[in-house]
Amino acid sequence: MFSFEPETAHELAVSLGGSVLGWGPLRRLLQSVTRSDDPVELFGVRFPNRIGLAAGFDKDARFYSAAAALGFGHVEVGTVTPLPQSGHPRPRIWRLPEQECLRNKMGFPNDGSQAILRRLRRPFPLVLGVNVGKQASTPLGRAHEDYAAGARLFGPVADYLALNVSSPNTAGLRTLAGEKELRTMLEAVLTVRGNCPLLVKLSPDMSREELADAARVALDLKLDGLIATNTTARRDPPFQELSPEGGLSGRVLTERSREVVAFLADQTGGALPLIGVGGVHDEESARRMLAAGASLVQVYTGLIFEGPGLARRLGAALEKAAREAQRAR
Ligand SMILES: Cc1cc2nc3c(=O)[nH]c(=O)nc-3n(C[C@H](O)[C@H](O)[C@H](O)COP(=O)(O)O)c2cc1C
């Protein structure tokens, strides 16, 4: 796959993998071998294991059955915007193989909410979250309308909703994670999401004060959880010379995302389920993310560099650790 341009490789994986691995009989057979049995119940949803496919991989809901075949327990489809949009011009994904990182400047290309909704057919073979965002052309002052539209449409179908206020690739999006903006948005979304659990996905570049504010809003408004983190716009060593465009993911985030999860766990006193994402690439990084306070982990970049066996491997290791901990009690 590495001989192809990154987005072409991704499209191939999604279309080929999606149709072959997602084919019912093969999917069921593979799933019976790959999926670990380490269930956890969060906000009323039973996750079969703790490993998820992070948002952005299955933007258009073409791959979620294949993700189940690979051993994932949940997948976060999206980011979905109300109408189809093409995102930034290509190329917009770059590999940094030495650091096992990606840089992306996608800008939410997706087929739009109606087309994506039509691809969501219950029963799902795994837990399915839908990550919603705003149209690039929607002014920030009206962003809450886009999020509410996403919640209204997907709330009746999805197992959970994630609001993306943390991508660095849509101008001004991250300002929506500010205390006042977040409250306005959540008040609009909470009235239309029905019974669907609602989570917010945060940025690793938020300060401690900003994270504490977001955690307080989440507790005040009785959100169902937080997802930490999205990609980073920072260019700390050894990335100072790298283009400032786009967000970095992969190992550059391993420590920072874990730190954010630990901080949020502390701020919320463990009262709010956390999904840890960022630089999870092996058993150790997954285990440490859970130890920091996450109930689930998600991967994206790790899957690119470690290959399609990653979910099965991580799931098996966490299942084994859970059994050992149970025996020791
Ligand atoms: C190419 C690419 C596209 C992404 N698109 C989205 C997206 O649409 N919405 C979102 O919330 N996160 C998106 N992300 C962020 C991931 O979901 C994840 O939060 C981040 O990459 C950190 O995890 P990782 O280090 O395992 O990749 C994207 C990441 C990459 C690499």
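In this chain, residues are counted from 1 in sequence order. Order of listing sets the numbers, starting from 1, for every ligand and every atom in it.
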J.: Between Phe4 and His10, is the ring centroid distance below 6.0 Å?
T.: no
J.: May I ask you to list the atoms of ligand 1 that are less than 4.0 angstrom from any heavy atom of Ser249?
T.: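 Contacts of ligand 1 toward Ser249, numbered from 1: 21 (O), 25 (O), 27 (O), 31 (C).
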J.: Step through the shown structure and confirm whether more than 12 heavy atoms of other residues, nucleotides or ligands are within 6.0 Å of CZ on Arg119.
T.: yes
J.: Leu253 heavy atoms, cut-off 4.0 Å: which ligand 1 atoms fall inside?
T.: 22 (C)
J.: How far is atom 1 (C) of ligand 1 from its nearest protein heavy atom, and which residue and atom is that?
T.: Tyr300 OH, 3.3 Å
J.: Please enumerate all residues that pass side chain to side chain donor-acceptor pair (under 3.5 Å) together with Gln31, with sequence neighbours excluded.
T.: Arg27
J.: Looking only at protein heavy atoms, which one is nearest to atom 27 (O) of ligand 1, and how far off is it?
T.: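 The closest heavy atom on the protein side is Thr301 OG1, 2.5 Å.
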J.: Does atom CZ (Arg312) have a neighbourhood of more than 12 heavy atoms from anything else shown, all under 6.0 Å?
T.: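 At most 12 heavy atoms, drawn from other residues, nucleotides or ligands, come within 6.0 Å of this atom.
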J.: For atom 9 (N) of ligand 1, what is the nearest protein heavy atom, given as residue, atom name and distance?
T.: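 So the nearest neighbour among protein heavy atoms is Thr79 OG1, 2.7 Å.
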J.: Which is it for Lys59 and ligand 1 at heavy atoms under 4.0 Å: side chain, backbone, both or neither?
T.: side chain
J.: Could you walk me through whether Phe72 and Asn49 pass the side-chain contact (heavy atoms from CB on, under 4.5 Å) test, one step at a time?
T.: CA-CA 8 Å; Phe72 285 100; Asn49 65 34; 5.9 Å; no
J.: Quick one: is the NZ or CZ of Arg95 closer than 6.0 Å to the six-membered ring centre of Phe2, and within 45° of its axis?
T.: yes
J.: Looking only at distance, does Gln298 have an N or O less than 3.5 Å from an N or O of ligand 1?
T.: no
J.: Please list, in number order, the atoms of ligand 1 under 4.0 Å from a heavy atom of Leu102.
T.: 31 (C)
J.: Starting from atom 17 (O) of ligand 1, what is the nearest protein heavy atom, named by residue and atom, and what distance separates them?
T.: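 The closest heavy atom on the protein side is Ala55 O, 2.6 Å.
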J.: With a cut-off of 4.0 Å, which atoms of ligand 1 are near a heavy atom of Gly279?
T.: 24 (P), 25 (O), 26 (O)
J.: Tell me, please: is Gly250 in heavy-atom contact with ligand 1, that is, under 4.0 Å?
T.: yes
J.: Quick one: which of Thr229, Asn164, Asn104 has a heavy atom closest to atom 2 (C) of ligand 1?
T.: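 Ranked by closest heavy atom to atom 2 (C) of ligand 1, first place is Asn104.
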J.: Decide whether an N or O pair under 3.5 Å exists between Ala54 and ligand 1.
T.: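 Not met; the criterion fails.
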J.: More than 12 heavy atoms of other residues, nucleotides or ligands under 6.0 Å from CD of Glu255: yes or no?
T.: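 Atom CD in Glu255 is not crowded, with 12 or fewer foreign heavy atoms closer than 6.0 Å.
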J.: Would you mind listing the cluster partners of Val192? Hydrophobic ones only (ILVMFWY), side-chain contacts under 4.5 Å, chaining allowed.
T.: none
J.: Where's the contact between Asn230 and ligand 1, heavy-atom distance under 4.0 Å: side chain, backbone, both or neither?
T.: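 Both backbone and side chain of Asn230 come within 4.0 Å of ligand 1.
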J.: What is the nearest protein non-hydrogen atom to atom 20 (C) of ligand 1, stated with its residue, atom name and distance?
T.: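 Answer for atom 20 (C) of ligand 1: Thr231 CG2, 3.9 Å.
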J.: Looking at Glu241, I'd like to know if its CD atom is crowded, meaning that more than 12 non-hydrogen atoms belonging to other residues, nucleotides or ligands lie closer than 6.0 Å.
T.: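 For Glu241, atom CD is not crowded (no more than 12 foreign heavy atoms under 6.0 Å).
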J.: With Ile51, which of Asp38, Leu314, Leu310 fulfils side chain to side chain contact (heavy atoms under 4.5 Å, CB included)?
T.: Leu314
J.: Would Ser257 and Thr229 satisfy side chain to side chain donor-acceptor pair (under 3.5 Å), going step by step from the backbone distance to the final call?
T.: CA-CA 6 Å; Ser257 299; Thr229 68; 2.8 Å; yes
J.: Can you list the atoms of ligand 1 that are under 4.0 Å from a heavy atom of Gly56?
T.: 4 (C), 5 (N), 6 (C), 7 (C), 8 (O)
J.: Please report which non-hydrogen protein atom sits nearest to atom 12 (N) of ligand 1, along with the residue it belongs to and the distance in Å to one decimal place.
T.: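 Looking only at protein heavy atoms, the one closest to atom 12 (N) of ligand 1 is Lys201 NZ, 3.1 Å.
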